[in-house]
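What follows is one structure encoded as structure tokens, with my remarks underneath.
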Amino acid sequence: MYPIIQFALLPLLFTSAQSTPTPRSLPAKVHARTSSPGHGTLTTTTNGSIIHAVINNPPINLWDYKLAADVSSFVDTLATNVNTTTNPKVVIFSSANPDFFIAHYEIHALDASSPVLPPGNGTLIGEQLLRTRTNLATLPVIFIAEINGRTSGAGNEFAVQCDIRYAGPATSVSHLEVGFGLPPGAGGIQFLVKLIGRARALEYILSGRAVDAVTAAAIGWVNKAFGSAEELTQETDALAERIAAFPEQGLAAIKARVNVQKPSDTDLQGDNDLFTQLASTKVTQEAASLFLKVSENESAGTFELNLPKDLTEIVPPGS
Ligand SMILES: *[C@@H]1O[C@H](CO)[C@@H](O)[C@H](O)[C@H]1NC(C)=O
Ligand SMILES: *[C@@H]1O[C@H](CO)[C@@H](O)[C@H](O)[C@H]1NC(C)=O
Ligand SMILES: *[C@@H]1O[C@H](CO)[C@@H](O)[C@H](O)[C@H]1NC(C)=O
Ligand SMILES: *[C@@H]1O[C@H](CO)[C@@H](O)[C@H](O)[C@H]1NC(C)=O
């Protein structure tokens, strides 16, 4: 019961200007094109030991039953294939939508008065988010989020649980849960605190304010900001190729040891429990209904495009 609200490669940049003697080629291991038909919201293309996973769930890349199922089934496959030669070394998640990376969680999964309709399943959407969170953080595969466009709530939780984040000029990262009287429930708090520190995590999670790419890079929310979508893609690909040029065992060992610093399962579970407990309150239910109303059921209109600016519009009077 978890009602949470919530790839084109360039060669390594061994240019003639650099003194590197010989260009390093990608390992010979070749994977077949990965097919993840599902609902068609995630297209994966394999090149050597890198997979490009492109999110495309119109109109706003909502974490709804379709995207939740497609992303979790892809990541579940990686989990099943741990330590086999069918797994990639690096996965890059990007979006086909220039305005949105992943908008946010499907609010119908939160609103008991307007629940997710079949074939969707609100409980399953939450379970898939949590399982994906665990897998991204722990699998011996390096996950890079190539962020451009808006991402809030569950979208940002997904982004901060990837291992590395690069951001393009249209980036807007935020948490909107505060508008619903909720804490982020699927890791947003614990992962963000590790990235930007206690005071800034409080500033942004409490205010529901968004951060652009340059600010996000300055405070550590993302690793780097790039001035154009083209540069973002080029540099993300170059980083992925560089990482993928190194032995798999080292990549896995490094991630495992860095994970000594990752948020504890107990703390992650605590966030989840509190979220779940508060989600059924009158305040949250009213806010969720208001959100669906002002966003016209999460359409690509003014409210969603301006989010989280007008987030206070969903706050129930007197709460
Ligand atoms: C695959 O990677 C190779 C080596 O970096 C690159 O030259 C090629 O363009 C890539 N192919 C595609 C389809 O991305
Ligand atoms: C994968 O291999 C690593 C390193 O040998 C090992 O620590 C880990 O337990 C293995 N994982 C699985 C699921 O087999
Ligand atoms: C929805 O998903 C939950 C959790 O996986 C499952 O227990 C439940 O049976 C599903 N409900 C329906 C109507 O399929
Ligand atoms: C939103 O969806 C609900 C339930 O599916 C429907 O009753 C309502 O008319 C929709 N509102 C808008 C603005 O589309």
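Nothing fancy with the numbering, it's 1 onward along the sequence. Just so it is clear, the values below take in all heavy atoms, side chains as well, and ignore hydrogens, waters and symmetry mates. Both ligands and their constituent atoms are indexed starting at 1 by order of listing.
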message = Using a plain distance cutoff, I'd like to know if N297 has any nitrogen or oxygen under 3.5 Å from a nitrogen or oxygen of ligand 4.
response = yes
note = A student checking ligand 3 against E127 at a 4.0 Å heavy-atom cut-off should list atoms 4 (C), 5 (O)
key: V178 reachable from F291 in the ILVMFWY side-chain graph, under 4.5 Å edges   = yes
task = Using heavy-atom distances, let me know which of T123, I125, N121 sits nearest atom 8 (C) of ligand 3.
result = N121
inquiry  = Looking at atom 5 (O) of ligand 4, tell me if a protein heavy atom falls under 4.0 Å from it.
reply    = no
task = Would you give the length of the straight line joining atom OG of S95 to atom CD1 of I55, rounded to the nearest 0.5 angstrom?
result = 6.5 Å
inquiry  = For F100, does the six-membered ring have the charged nitrogen or CZ of R150 within the cation-pi criterion, i.e. under 6.0 angstrom from the centroid and within 45° of the normal?
reply    = yes
ask   = Between K282 and E286, is there a salt bridge with N-O shorter than 4.0 Å?
value = yes
ask   = Which class fits the ring pair F101 and F158: parallel under 30°, tilted 30 to 60°, perpendicular over 60°?
value = tilted
note = the protein heavy atom lying closest to atom 13 (C) of ligand 4 turns out to be E296 CA, 4.0 Å
